[in-house]
Amino acid sequence: MTAQLLDGVALGQKLRAGFKLKADELAAQGVRPGLAVILVGEDAASQIYVRNKVNACAQAGIHSERYAYALDVAPQVVFDKIAELNADPKIHGILVQLPLPKHFDADAVLEAIAPTKDVDGFRAENVGALMQGQPCFIPCTPYGAMKFFEDAGINLKGKEAVVVGRSNIVGKPMAMLLMHAGATVTVCHSQTRDLKAHCLRADILVAAIGKAKMISGDMIKPGAVVIDVGINRIQEGPDAGKLCGDVDFESAREVASFITPVPGGVGPMTITMLLANTLESAERAASA
Ligand code: GUN
């Protein structure tokens, strides 16, 4: 079997076409949706992600503001900016690009964002709401993964889902969303014994580990749906410099029924759902 591709660029474009209409509609009511993105330091990948987010806003008719700070900025400067943005009616979403430098208390920074503008859904309050099945904002990457299932008509009820990775950004919220959708969920991580045995049981396999090509075809159940959240840069060999996922795409695609490519899978959907959350926040502000 050769897996069908779950194309994040195509699905993202399909969803984003509706976003522009919605943004213009809100603007006509006097509320142009707005997103502020805060970046600290010179991490090359973060700079690219932030640039992509800002560009995507422009295409979707969403106002955006980008605030970039040097690696050694005093945390108070960032806290002050967040307080200013919390009070700014032009801004409906605030995103602090992670990871932050070591001298920052990242949890404290995220908690400083107004809950109504936490479009990443990372604040404890929003995490709790998601856990209770009443999300205020769904974290963008797992939200994007769920859209793939919806769009491809993949029913999750009663399915065995295995999430590899337990991060706050992806693994934990992903597990919660799959569970709410009716899947039986196992979360694997660096201490898991016999990862392969767990993966081989998965009808739905989500790889969010951050290790290049760690999941190979022999770890995948025939016919499984594979969502690859990893974005890794290949260090050596003929493909050095290219991007790859946490899944070994070539061997996995021969076993899976559906698979997301890297690049062009989950990445564009993360940005798409950030736009969706920003629009939702603006809609709430417009009807408040
Ligand atoms: N760094 C990696 N992924 C994300 C994300 O979804 N949101 C933020 N703020 N930072 C990230």
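First listed ligand is number 1; within each ligand, the first listed atom is number 1.
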- With a 3.5 Å cut-off and no angle check, do the side chains of Ser251 and Ser216 form a donor-acceptor pair? no
- Query: Among side-chain atoms of Tyr67 and Glu65, is any donor-acceptor pair under 3.5 angstrom?
  - Reply: yes
- Polar side chain donor-acceptor pair, Thr2 to Arg253, under 3.5 angstrom: no
- Tell me: protein heavy atom nearest atom 10 (N) of ligand 1, and distance? Leu98 N, 3.0 Å
- Task: May I ask whether Tyr49 places a heavy atom under 4.0 Å from ligand 1?
- Result: no
- Message: Whether the side chain of Ser281 engages the backbone of Asn277 through a donor-acceptor N/O pair (distance < 3.5 Å, no angle test) should be reported.
- Response: no
- Assess the side chains of Arg166 and Gln191: does a donor N or O sit below 3.5 Å from an acceptor N or O? yes
- Query: Is the closest basic N to carboxylate O distance between Asp203 and Lys221 below 4.0 Å?
  - Reply: yes
- In terms of atom number and element, which parts of ligand 1 are under 4.0 angstrom from non-hydrogen atoms of Leu95? 9 (N)
- Query: For Gln97, is at least one N or O under 3.5 Å away from an N or O on ligand 1?
  - Reply: yes
- Flag Pro99 as yes when one of its N or O atoms lies below 3.5 Å from any N or O atom of ligand 1, and as no otherwise. no
- Message: Show the atoms of ligand 1 that are less than 4.0 angstrom away from any heavy atom in Val96.
- Response: 8 (C), 9 (N)
- Residue, atom name and distance, where the atom is the protein heavy atom closest to atom 6 (O) of ligand 1: Asp120 OD1, 3.8 Å
- Protein residue, atom and distance nearest to atom 3 (N) of ligand 1, heavy-atom basis: Ile169 CG2, 4.2 Å
